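Proteins get letters first, then strands, A, B, ... in listed order; numbering begins at 1 in each. Everything numeric here is computed off the predicted structure, so don't read it as measured data.
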There are 2 protein chains.
Amino acid sequence: MPRTAPSPKSAEPAPRAKARRPRAEPGDVFDFQSNALGYQLRLAQLRAFDLFFEMLAPLDLSPARVTALSLIAMSPGTNQAALAKALNVAGPSALKLVDGLESAGWIRRVEVEGDRRRYSLQLTEQGQARLAQLREKLAEYEARLTTGLSAVERQQLMDLLGRLAR
Amino acid sequence: MPRTAPSPKSAEPAPRAKARRPRAEPGDVFDFQSNALGYQLRLAQLRAFDLFFEMLAPLDLSPARVTALSLIAMSPGTNQAALAKALNVAGPSALKLVDGLESAGWIRRVEVEGDRRRYSLQLTEQGQARLAQLREKLAEYEARLTTGLSAVERQQLMDLLGRLAR
DNA sequence: TATTGTTATACTCTATAACTATA
DNA sequence: TATAGTTATAGAGTATAACAATA
């Protein structure tokens, strides 16, 4: 992604008559990035994802899986339909998240007595045991993501983002 | 996506012995979202994308296409290889962006005399004419995205995001 | 040999529609 | 009839590998 201009060109000599092509510079009327919040958001998101996968891929986790795992940990016994609704994704998407968490050993599907249509989603013993490690990793991730920001600035950023997503 | 807790439960009576399941609440040790900047970033990004497509789909544009279009408008005559490098995407991805912009009537591939391998990417007359409209739409998009933020807060957010993506 | 653009292919994430088995 | 979970399928986005034409 083009983050910034290659270099300031203000010190360059003016173009000589027709010797140069009309090549616009960042900051001109066709520069739809430099002052675009949507674009900055996209770049920040890309950086956050890169860092996330770098740090958490060894645990077989993606951002979406962590969210799903967190919901299951907070509401043990929940089912896929409730999970899909809470995550605001379609049924098959929730199913894949559950499949992923299950094959990575984090959770298990348990039959529900009284309703043979649904599964109760529960942490495995291994998953339970690994939650502490995950919490540490996530704290480390957040720390690295906000390297260079003070605690106050980090909170400011959270607040401003929250007011955006409202 | 689960944005906030359903409601504060602090006013509830304490659980009676074994009458309740151990159901954790947001803010507890398994809540990996509430205080996670990465998560807030994801939500804000989702909101930004939704709004973008709502407002700019009629122009056959996606965020990536706008970035590509902007680069072409700022560097008329550039080619796909240069575009791919500037966008930090693989060749076939740049090709699809160019295909999309071309079939939407924004740009055209022009043969380059002296090097029959490459195309010169240029705005069409129609594309040229629609740039002003696009600029307006993007300004309106930014305004709607930051509804509720002051100009100072918007700039703060840009700066903080920039320091994140560094 | 290297470069430009292209095609073929694959993988991920997302969605909808249709199916099954249960309720 | 409605619900829970699943399968099949499709589309957007990304990537790599292999290829043709040209330099």
### Query
Can a donor-acceptor pair be found between the side chains of B:S120 and B:Q122 at a distance below 3.5 Å?
yes
Exercise for the section: Would you check if the side chain of B:R65 reaches a backbone N or O of B:D60 as a donor-acceptor pair within less than 3.5 Å? Expected result: yes
Output the rounded distance in Å from [atom1] ([X]) to [atom2] ([N]).
X      : N      : atom1 : atom2 : value
A:L97  : C:dT14 : CG    : P     : 7 Å
A:D99  : C:dT12 : CG    : P     : 13 Å
A:L95  : D:dT7  : CG    : C1'   : 9 Å
A:D50  : D:dA15 : CG    : C1'   : 14 Å
A:N88  : C:dC13 : CG    : P     : 17 Å
A:R117 : D:dA2  : CZ    : C1'   : 8 Å
A:E111 : D:dG5  : CD    : P     : 12 Å
A:K85  : D:dG5  : NZ    : C1'   : 17 Å

Consider the side chain of [X], meaning its heavy atoms from C-beta on, and name the nucleotide among [options] that approaches it most closely.
X      : options               : result
B:Q80  : C:dT4, C:dT6, D:dT7   : C:dT6
B:P92  : C:dA15, D:dT16, D:dA2 : D:dT16
A:V89  : C:dG5, C:dA15, D:dG5  : C:dA15
A:Y119 : D:dG5, C:dA23, C:dA2  : D:dG5
B:R118 : C:dA2, C:dT6, C:dG5   : C:dG5

For A:R109, answer base if it contacts any base atom (sugar-phosphate contacts may also be present), sugar-phosphate if it contacts only those atoms, and nothing otherwise; contact means non-hydrogen atoms under 4.0 Å. sugar-phosphate
Checklist entry - Reckon A:A90 touches a base, only the sugar-phosphate, or nothing at all at heavy-atom distances under 4.0 Å? => result base
Between A:D115 and A:R65, whichever has its closest DNA chain C nucleotide further toward 5' is A:R65
From the list A:V66, A:L131, A:V98, side chain to side chain contact (heavy atoms under 4.5 Å, CB included) with A:W106 holds only for A:L131
**Prompt:** Got a donor-acceptor pair under 3.5 Å from the side chain of B:K96 to the base of D:dT14?
**Reply:** yes
A:R116 (side chain) and C:dT22 (base): donor-acceptor pair under 3.5 Å | no
Distance col, row A:L164:CG vs A:D159:CG, nearest 0.5 angstrom, shows 12.5 Å
Original post:
Taking only side-chain nitrogens and oxygens of B:S93, does any of them come within less than 4.0 Å of OP1 or OP2 of D:dA15?
Top reply: yes
Using the rule that Ile, Leu, Val, Met, Phe, Trp and Tyr join whenever any side-chain heavy atoms are under 4.5 Å apart, tell me whether B:L37 and A:L51 fall into a single cluster. yes
